[in-house]
Amino acid sequence: MKKVLFPLFLFFVQSALFFIFVLPASGQNIAQFKDVPLGKVVDDQRYVDGNKYQKDAMLFMDMLANTHPYYIKADRRNELFSRMDGLLADCAVCESDARFVELLRAAMPEVSDKHTDVIDAESFISSKKPKKEVQEQGSQKRSGRVSVLDNNGQLFSYRIFVKQSICYMQFNQCNDARTLRDESLPRFDKMMDKMFADMEKEGIATLIVDVQYNNGGSSRLCDELLDRLYPLSEIRMLDTYMRFSPLLALYNPKAGKAMKAWEEAGHSDELYPIPQKKMQIPIHKYYQGKVVFIQGPRTFSSAGILITTARDNKIGTIIGTESTFSPSHYGEVLPFRLPNTGVLGSVCTKYFERADKENADDRSLVPDVVLRLDNKASAWRKIIRMYSSK
């Protein structure tokens, strides 16, 4: 069975349509949200007799239990469903979509984060801003900068401090012209070429990678950076596991076939391990100097994977604050819509387990050097004192 499933799933992965976003998603079109599968819930008398909030609460809990990787275990699903009666009682007197969203978030404390979330349609629409307005806000941030560590409003950039023999790279988003399909934006790989060439020319001893403002995007960019620091083929990456679900099958019917084969093989309560596929990245010179990563409370998702991979492979030093992300975590989300209220949401479909299995269940990543980041000017002076080589 596994020999049949494996190629089927690889084909499914190559053609799957995933929406990787965080609610509220300014670039997401409501038309792309599919209604959650109805399933057997609609036969429950509580659903038949319920108001619109009670109906959607039942659909939501059923979808969550059958989609999120955390709930692959029966005891966790039972704990989730133990909250159903209280949730339905609250929904009986619910008078607004905004309040309903609060109730749903409270019902999933184990997984409620920026990836698995809900939002009422009105708030979602009002959160959408034109691209031009976002760019103007970035310009305002740049004009008001005081410290090197202040957010400069760019996707990524670098500055070389020759006197201190430091290259400071501010990596604010794991996206570029390729991932966002916008040729007006810069390309990360091209910036890497120029940055490392400039560093070599100036004999820079320390590279500082600041991801304190980076809440994710495409891990492709992180891999491109890591490949400049250490052979990518030798780096222990996070192990990835997929959870098959009816919701996933709505976005790609091949997922439904793969789910059927997986369950028939006796794996109904198991995640599907996705084989690691190394990216084909051109071979570069590997930077031989010191590498320092700065993490903060807004470091998340792909940026968190970058920091975790660096820690587990002993690539560089991590400074900053204790992470708000878990080194092993859930991600890669699908959007959904609750049909009776129109409430929108996103739910994780994958589990990423760190390479350091002994610490796979850690809830946070503690930096090698704790550095307060609330006073940027003071933090930068400390960084210069610690890492200046001249």
Side-chain angles (χ1 to χ4, degrees), residues 8-9 11-44 47 50 52-72 77 80 91 97-98 100-101 103-105 107-108 111-128 181 216 241-263 271-272 274 301 330-351:
L8 171 64
F9 183 64
F11 181 78
F12 147 66
V13 168
Q14 293 169 355
S15 59
L17 178 61
F18 292 118
F19 299 88
I20 306 174
F21 66 105
V22 177
L23 291 174
S26 58
Q28 199 77 10
N29 190 320
I30 288 182
Q32 294 175 306
F33 289 72
K34 294 185 181 294
D35 285 351
V36 300
L38 298 180
K40 297 180 180 179
V41 171
V42 296
D43 298 326
D44 191 308
Y47 183 91
K52 66 176 183 178
Y53 296 117
Q54 291 172 313
K55 291 178 188 292
D56 274 357
M58 294 183 69
L59 290 174
F60 172 79
M61 297 288 270
D62 182 67
M63 179 279 302
L64 189 64
N66 289 295
T67 304
H68 198 290
Y70 176 83
Y71 297 110
I72 191 72
R77 293 196 298 273
L80 176 68
C91 288
D97 289 357
F100 179 55
V101 164
L103 294 174
L104 295 184
R105 286 174 176 164
M108 54 171 184
V111 300
S112 183
D113 56 24
K114 293 183 179 180
H115 284 86
T116 297
D117 201 4
V118 284
I119 187 172
D120 61 276
E122 183 177 349
S123 297
F124 175 84
I125 294 172
S126 65
S127 72
K128 301 181 73 172
R181 298 181 181 180
Y241 299 86
M242 166 70 73
R243 175 141 189 219
F244 295 119
S245 69
L247 180 64
L248 184 60
L250 282 180
Y251 286 96
N252 192 311
K254 291 183 177 63
K257 295 180 180 179
M259 179 171 67
K260 184 174 183 295
W262 184 239
E263 291 179 348
L271 300 176
Y272 185 96
I274 299 178
S301 193
Y330 302 96
E332 191 141 353
V333 303
L334 291 172
F336 64 84
R337 176 181 175 273
L338 297 175
N340 298 288
T341 60
V343 163
L344 306 172
S346 58
V347 61
C348 293
T349 61
K350 286 184 179 179
Y351 173 57

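For the numbers below, each heavy atom of this structure counts, side chains included, while hydrogens, waters and symmetry mates do not. Along the sequence shown, residues carry numbers from 1.
Listed for the Arg337 side chain is no donor-acceptor partner under 3.5 Å among the backbone atoms of Val36. Proximity of a side-chain donor or acceptor of Tyr251 to a complementary backbone N or O of Lys34 within less than 3.5 Å is detected. Panel note: side chain Thr349, backbone Val333; no donor-acceptor pair is recorded below 3.5 Å. Of the possible donor and acceptor atoms, none in the side chain of Tyr70 sits under 3.5 Å from a partner among the backbone N and O of Ala65. Between the side chain of Arg243 and the backbone N or O of Leu271, no donor-acceptor pair lies under 3.5 Å. Judged by distance alone, the side chain of Asp62 and the main-chain N or O of Met58 form no donor-acceptor pair under 3.5 Å.
Checked by atom type, the side-chain pair Asp56/Thr341 shows a donor-acceptor distance below 3.5 Å.
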Met63 vs Phe60, side chain to side chain contact (heavy atoms under 4.5 Å, CB included): CA-CA, chis, key distance, verdict: CA-CA 5 Å; Met63 179 279 302; Phe60 172 79; 4.0 Å; yes

I'd like to know whether Val347 forms a side chain to side chain contact (heavy atoms under 4.5 Å, CB included) with Leu64, so could you lay out the CA-CA distance, the side-chain angles of the two residues, the decisive distance to 0.1 Å, and finally the verdict. CA-CA 7 Å; Val347 61; Leu64 189 64; 4.1 Å; yes

List the steps and the verdict of side chain to side chain contact (heavy atoms under 4.5 Å, CB included) for Leu250 and Leu334. CA-CA 10 Å; Leu250 282 180; Leu334 291 172; over 6 Å; no

Go through the steps to decide whether Phe244 and Tyr272 satisfy the test ring pair (Phe, Tyr, Trp, His ring centres under 6.0 Å), and finish with yes or no. CA-CA 8 Å; Phe244 295 119; Tyr272 185 96; 5.5 Å; yes

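Side-chain contact between Pro37 and Leu247 is present, with heavy atoms from C-beta onward closer than 4.5 Å. Lys350 is listed as a side-chain neighbour of Ile274, based on a closest heavy-atom distance under 4.5 Å.
Taking CE from Met108 and OH from Tyr71, the interatomic distance works out to 8.0 Å, rounded to the nearest 0.5 Å. With values rounded to the nearest 0.5 angstrom, Asp44 atom CG is found 11.0 Å from Gln54 atom CD. The line from CG of Leu104 to CD1 of Ile119 is 12.5 Å long, rounded to the nearest 0.5 Å.
Of all heavy-atom pairs spanning Leu248 and Ala255, the tightest one is CG-CB, 3.8 Å. Closest approach of Cys91 to Ala57, counting heavy atoms only: SG-CB, 3.9 Å. Taking each heavy atom of Phe336 and Asp117 in turn, the nearest pair found is CZ-O, 4.3 Å. Nearest approach of Leu80 to Ala107, heavy atoms of both residues: CD1-O, 3.5 Å. When all heavy atoms of Gly39 and Val42 are compared, the closest pair comes out as O-CG2, 3.4 Å. Summarising the geometry of Leu344 relative to Ala121, their closest heavy-atom pair is CD1-CA, 4.4 Å, with the distance given to 0.1 Å.
Note: Phe100 and Tyr53 have tilted aromatic rings, judged against thresholds of 30 and 60 degrees for the angle between ring planes.
Aromatic pair His115/Tyr330: centroids not less than 6.0 angstrom apart.
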